[in-house]
Amino acid sequence: MDDDALQARLRAVERRQYLLIALLVPPNYLAAADLFGYWIAGVALFVLACLSFSFVLIRGRQRRESAGV
């Protein structure tokens, strides 16, 4: 198998993993909100959203720099 085919398969696996994570987050969030309280869970969700957004920005910048754009 050549490198392009392997990279395509790895990207497909990554997309499936991100989909599974996205599907598992809401039920766990609601369980945590019931356990810790909705205000604390809301603050935690806001922090996680900010961290996720910064991770996406950093990763996109790294991909552009490695591509030479």
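- Under the 4.5 Å side-chain criterion, counting only non-hydrogen atoms from C-beta, Leu20 is not in contact with Gln17.
- Side-chain contacts under 4.5 Å among hydrophobic residues (ILVMFWY), followed directly or transitively, place Leu23 together with Leu19.
- With sequence neighbours left out, the side chain to side chain contact (heavy atoms under 4.5 Å, CB included) criterion links Ala22 to no other residue.
- Other residues sharing the hydrophobic cluster of Tyr29, ordered by chain and number and joined by side-chain separations under 4.5 Å: Leu30, Leu45.
- Residue Leu57 is found in a hydrophobic cluster whose other members, listed by chain and number, are Phe53; membership requires side-chain heavy atoms under 4.5 Å apart, directly or through intermediates.
- Listed by chain and residue number, Arg11 satisfy the side chain to side chain contact (heavy atoms under 4.5 Å, CB included) test with Ala8 (two or more places apart in sequence, or in another chain).
- In this structure the side chain of Gln62 reaches within 4.5 angstrom of the side chain of Ile58, judged on heavy atoms.
- Identified under the side-chain hydrogen bond (donor to acceptor under 3.5 Å, both in side chains) test for residues 51-60, with sequence neighbours left out: Tyr18-Arg59.
- Distance check: Leu35 CG to Ile40 CD1 gives 10.0 Å after rounding to the nearest 0.5 Å.
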